[in-house]
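Below: the structure, in structure tokens.
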Amino acid sequence: QVQLVESGGGLVQPGGSLRLSCSASGFTSDYYAIGWFRQAPGKEREGVSCISMSEGSTYYTDSVKGRFTISKDNAKNTVYLQMHSLKPEDTAVYYCAADDPRVLFKFCILGIGQLTYWGQGTQVTVSS
């Protein structure tokens, strides 16, 4: 059974940094992708960044390019989201999700489809 566990959220001042982690278990190969998604109060969920565990292909939504970096450690089945220069508008619950790479990237980039596996979410609050 696949499980995803997020960690690393918290309260940070504008301009600060945080690193989120998503640890996956239950996959029998590296042919899957993991994405980070966020949802702020009153807003729709959006795809923030995604990565293929087998190929390393990545995607970033425009608002985080140059500030966020997604990376992976296949030995630990873990994906990281390093966030720098955080802004109040980055405040949201951040979720990681996993699925077949074709399904996940389509959902991440276009918001089309559904993803099979989701973590419980971690709160990121950017405030002074």
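All heavy atoms count here, side chains included; hydrogens, waters and symmetry mates do not.
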message: Within this structure, what is the OG1-CD1 distance for the pair Thr58 and Ile51, rounded to the nearest 0.5 Å?
response: 6.0 Å
query: Is the side chain of Glu6 donor-acceptor paired with the backbone N or O of Gly121 at a distance under 3.5 Å, no angle test?
result: yes
field: Partners meeting side chain to side chain donor-acceptor pair (under 3.5 Å) with Asp30 (sequence neighbours left out)
entry: Asn74
- prompt: Hey, is the main chain of Tyr80 close enough, under 3.5 Å, to the side chain of Ser21 for a donor-acceptor pair?
  reply: no
field: Output field: ring centroids Phe107/Phe37 closer than 6.0 Å
entry: yes
- request: Mind checking the CD1-SG spacing from Ile109 to Cys50? Nearest 0.5 Å is all I need.
  value: 7.0 Å
message: Would a single hydrophobic cluster contain both Leu20 and Leu104, if residues Ile, Leu, Val, Met, Phe, Trp and Tyr are joined by side-chain heavy-atom contacts under 4.5 Å?
response: no
task: Would you give the length of the straight line joining atom OG of Ser52 to atom OH of Tyr59, rounded to the nearest 0.5 angstrom?
output: 16.0 Å
- line: To the nearest 0.5 Å, atom CD of Gln82 lies from atom CD1 of Ile70 at 12.0 Å
- request: Measure the spacing between CD of Gln3 and OG of Ser23 and express it to the nearest 0.5 Å.
  value: 11.5 Å
message: Run the salt bridge (charged side-chain N to carboxylate O under 4.0 Å, His left out) test against Glu55 and tell me which residues pass, sequence neighbours left out.
response: none
task: State, to 0.1 Å, how close Gln39 and Lys43 come at their nearest heavy-atom pair, and which atoms those are.
output: NE2-O, 3.2 Å
query: If two hydrophobic side chains count as joined below 4.5 Å and joins carry through other members, does Trp36 share a cluster with Tyr32?
result: yes
task: Kindly state each residue pair satisfying salt bridge (charged side-chain N to carboxylate O under 4.0 Å, His left out) with at least one member in residues 104-115, sequence neighbours excluded.
output: none
- request: Considering only NZ, NE, NH1 and NH2 on the basic side and carboxylate oxygens on the acidic side, decide whether Asp90 and Lys87 come within less than 4.0 Å.
  value: no
Side chain to side chain, Thr69 and Tyr60, heavy atoms closer than 4.5 Å: yes
message: Tell me whether Trp118 shares a hydrophobic cluster with Val48, the cluster being built from Ile, Leu, Val, Met, Phe, Trp, Tyr side chains joined at under 4.5 Å.
response: no
query: Any donor-acceptor pair under 3.5 Å linking the side chain of Gln1 with the backbone of Gly26?
result: no
task: Kindly compute the distance separating CG (Leu81) from OG (Ser49), expressed to the nearest 0.5 Å.
output: 6.0 Å
- prompt: Under the 4.5 Å side-chain heavy-atom rule for ILVMFWY, direct or indirect, which residues accompany Tyr31?
  reply: none
message: Quick test of your reading: applying side-chain hydrogen bond (donor to acceptor under 3.5 Å, both in side chains), list the pairs with at least one residue in residues 91-101, sequence neighbours left out, ordered by first then second residue.
response: Arg38-Tyr94, Asp99-Thr116, Asp100-Arg102
Single-linkage hydrophobic cluster Ile34~Leu115, side-chain heavy atoms < 4.5 angstrom: no
- prompt: Which atom names give the shortest non-hydrogen contact between Gln123 and Val93, and what distance separates them?
  reply: OE1-CG2, 3.2 Å
statement: Scanning both residues in full, the closest heavy-atom pair of Pro14 with Ser127 reads CD-C, 3.6 Å
task: For Phe68 and Leu18, run side chain to side chain contact (heavy atoms under 4.5 Å, CB included): C-alpha distance rounded to whole Å, both residues' side-chain angles, the deciding distance at 0.1 Å, then the answer.
output: CA-CA 10 Å; Phe68 292 10; Leu18 280 176; over 6 Å; no
statement: Note: Leu4 and Ala24 closest approach over all heavy atoms is CD2-CB, 3.5 Å
statement: Tracing side-chain contacts under 4.5 Å among Ile, Leu, Val, Met, Phe, Trp and Tyr outward from Val5 reaches none
